[in-house]
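Heads up, the thing below is written out as structure tokens.
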Amino acid sequence: MRDRLLLWILPWLTLSFAIFAGWQHLAVLNPTRLAWLLDGNDHGQAAVGMAAYLRTAAPWPSLHSTLLMAPEGISLALTDGNPLLGLLLRPFAAILPTGLQYLGWWLFACILLHTGFAAALVRRYAPNPLATWIGAALLTLMPVLLARFGHVNLCAQWLILWALWIFVDARRVANPGWWVAVIVAAMLIHPYLLVMVAAIWASAMLRQFVLAPNGKARARMFTDVAVVLAPLLIVPILLGTVGQPILAAGGYGAFSMALDALWNPNDRAYSALLPARSLDASQALEGMNYLGVGLILLVMIALVYAVRHRGDQPKDDLFPRLAWLLPAFLVLTLVAIGPRLIWQGDVIATLPMPGRLIQMLDPIRASGRMFWPALYSIALAAIAVACRMRYATWVLAGALLIQLVDLVPLFESARGSTFSATATSPYRRTLDPRWDALIARADMIEFEPPEPYRDLAVMEEIAWRAILAGKPVRYFYASREPVLVRRRVNADAVAFNLGQIDRRRLYVLLDGRIPPALVGRVTVIDGVSIIAPAASR
């Protein structure tokens, strides 16, 4: 027990805390600090969505929230919320204080789980515990993870490592229970991660089918496949995404991966040592699959070593197993780079694609993310090869040191973005004390025009105030909008532009544009144009 504590538990906790403290300001762990979330980014949307869900009266395990997109309401999953975290917290909603955020602890849990699964993977190949933890650190110091601080659910990249941990083990890979666990977790966290995990599972099934000793063994596989596929049919009902048409996001390929993504940081904030080029800021983040200089060098060293020692027979079967991932990874890579081929920040060609195929790929708008499983597999393979070298620990330590130096700007950017967690007030744009009184007087809050990017920071702050007061919001930023909700929102906008308003609502004019019939009704508070609800009699 003492050896386990000293060699595994304490290093795991220490490494996780060190990475988290360098990545996020520790004040994000204070549930009462909101300013770092309500800043006009997607994590603010996630925080508001979770708060609205926890104040909704729908019975557990429903994931439907009635305070946002009222009166129809919307699923927590469609607000970039975290259904898994919501289901865990909801039974305690009655005793939890209102106005808390849980995303700081979620991010810490993601780092903790990531380093844990990384160590479990590397341990199979490492010559000693020190090499294990250095390798685990390298698998955690991935730019695709560290740059996702604005998309908190996508920081659950430990799901990829979990799936790989199952995949490389002969006993676990044949146990459908493991696959059900990781697939259900992915479904309850983020659909992009579900696609990645499902690709690894499908590769495992392909290997098992081809290598099955006889037809009887193949026939038994259908039962295991059915067990794993069942959640794919059941969980969407729980998520509330079945039975209501969702608007197409549009824009497949807008956030694609460049051909030089492994060594092109895309943004100067992601590397201290290599130049960066990208099409634009959005593609720079969503298409980024940069390895980091430490891992790039480790991959090159591993390739040279593997070629020079290709006749050696390693004790493990890692590479024969990883080879079975290639068909799925090829498909994911083609999805990630298409339809525009980008090199050094320029589009060098556009692939012709059938319109029906583009429609099918519409849900994967941020297609560049689809390369993440391949990226982690490349890093794992390089670490495993390095572990076979005579001076494995030193080689890994050198790669880790270079990786840390290269990622200094990324750590500074991520941690700097959460410095506002030190502020005691959650508000920076809506400071006037009249806001709470106006919201308390209103029956509903309506944002016009119903477009999130007009002023998302103001929308998040006012929506947060509304949820604390238990007041429904007729429109809020959703990652995917139900068709019926969008029709009603558009009807609201038409009525507003005609000067037809409900005197009991608080109208917030995100762009400041005032319909002629309502010019005399507008008040400006904190630079935000509003139409106040009528005073109660």
Side-chain angles (χ1 to χ4, degrees), residues 3-19 22 111 113-146 157-158 160-170 172 262-263 273 290-323 325 373-407:
D3 287 345
R4 180 178 298 179
L5 177 67
L6 294 176
L7 295 178
W8 303 109
I9 298 177
L10 286 180
W12 173 42
L13 296 176
T14 302
L15 175 63
S16 300
F17 182 80
I19 292 175
I111 294 297
L113 289 167
H114 199 105
T115 56
F117 280 114
L121 272 168
V122 175
R123 185 180 181 181
R124 295 173 59 92
Y125 317 106
N128 54 65
L130 180 57
T132 295
W133 290 112
I134 296 174
L138 281 167
L139 268 182
T140 306
L141 295 175
M142 298 283 282
V144 290
L145 170 62
L146 301 177
Q157 294 172 31
W158 48 268
I160 301 172
L161 299 186
W162 185 5
L164 289 173
W165 177 73
I166 299 169
F167 182 84
V168 299
D169 185 85
R172 284 190 293 267
L262 292 180
W263 57 90
L273 301 177
Y290 178 56
L291 268 173
V293 173
L295 278 171
I296 291 172
L297 291 175
L298 191 65
V299 169
M300 295 171 64
I301 292 170
L303 283 172
V304 172
Y305 181 89
V307 170
R308 293 185 61 181
H309 296 81
R310 58 185 178 274
D312 296 350
Q313 295 296 323
K315 297 178 182 179
D316 59 75
D317 63 345
L318 175 64
F319 287 96
R321 282 187 175 273
L322 291 181
L325 291 168
L375 195 71
Y376 276 103
S377 297
I378 291 170
L380 173 62
I383 292 168
V385 171
C387 286
R388 299 172 186 169
M389 299 177 187
R390 183 176 180 182
Y391 299 105
T393 305
W394 289 103
V395 172
L396 291 172
L400 176 60
L401 177 61
I402 296 171
Q403 188 81 349
L404 285 169
V405 171
D406 185 43
L407 299 186

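Below, all heavy atoms of this structure are taken into account, side chains as well, without hydrogens, waters or symmetry copies.
Taking all atoms of both residues into account, the shortest heavy-atom contact from Ala131 to Pro127 is CB-CD, 3.7 Å. The shortest non-hydrogen separation linking Ala126 to Cys387 is CA-SG, 3.6 Å. Nearest heavy atoms, Ala386 versus Ala392: O-CB, 3.1 Å. When all heavy atoms of Pro143 and Leu407 are compared, the closest pair comes out as CG-CD2, 3.8 Å.
Taken to the nearest 0.5 Å, the OG1 atom of Thr14 stands 11.5 Å off from the CD1 atom of Ile9. Here OH of Tyr376 is found 4.5 Å from CG of Leu145. Values are rounded to the nearest 0.5 Å. The CG atom of Leu298 sits 9.5 Å away from the CG atom of Leu303 when rounded to the nearest 0.5 Å.
Ile166 has its side chain within reach of Trp162: a pair of non-hydrogen atoms, C-beta onward, lies under 4.5 Å apart. Tyr125 has its side chain out of reach of Ile383: every pair of non-hydrogen atoms, C-beta onward, lies at least 4.5 Å apart. Counting heavy atoms from C-beta outward, Ile160 and Phe117 have side chains that stay 4.5 Å or more apart. Ile296 has its side chain out of reach of Leu262: every pair of non-hydrogen atoms, C-beta onward, lies at least 4.5 Å apart. Between Val385 and Leu318 the shortest side-chain heavy-atom distance does not fall below 4.5 Å. Leu164 places a side-chain heavy atom less than 4.5 Å from the side chain of Leu325.
With sequence neighbours left out, Trp158 forms a ring-ring contact (aromatic ring centres under 6.0 Å, His included) with no residue at all. For Leu130, the side-chain contact (heavy atoms from CB on, under 4.5 Å) partners are Asn128, Ile134, Thr393, not counting sequence neighbours. Looking at residues two or more places apart in sequence or on another chain, you find a side-chain contact (heavy atoms from CB on, under 4.5 Å) between Ala381 and Phe319, Leu322. Taking the side-chain contact (heavy atoms from CB on, under 4.5 Å) definition, one finds that Arg321 meets it with Phe167, Ala170, Val173, Arg207, Asp317, sequence neighbours left out. When the side-chain contact (heavy atoms from CB on, under 4.5 Å) test is applied to Arg124, the partners found at least two apart in sequence or on another chain are Val168, Asp169, Arg172.
The main-chain N or O of Val144 is found under 3.5 Å from a side-chain atom of Gln157 such that the two form a donor-acceptor pair. Side-chain N or O atoms of Asp406 include one that pairs as donor or acceptor with a backbone N or O of Leu273 at under 3.5 Å. Between the side chain of His114 and the backbone N or O of Leu139 there is at least one donor-acceptor pair closer than 3.5 Å.
The local environment of OH in Tyr305 is crowded, with over 12 non-hydrogen atoms from other residues, nucleotides or ligands closer than 6.0 Å.
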Tell me which donor-acceptor pairs under 3.5 Å the side chains of residues 395-403 have, and how far apart each pair is, sequence neighbours excluded?
| unit_1 | atom_1 | unit_2 | atom_2 | d |
| --- | --- | --- | --- | --- |
| Gln403 | OE1 | Gly294 | N | 2.9 |
| Gln403 | OE1 | Leu295 | N | 3.0 |
| Gln403 | NE2 | Leu141 | O | 2.9 |
| Gln403 | NE2 | Leu291 | O | 2.9 |

Worksheet entry | Derivation of the side-chain hydrogen bond (donor to acceptor under 3.5 Å, both in side chains) call for Ser16 and Thr115 | CA-CA 6 Å; Ser16 300; Thr115 56; 2.6 Å; yes
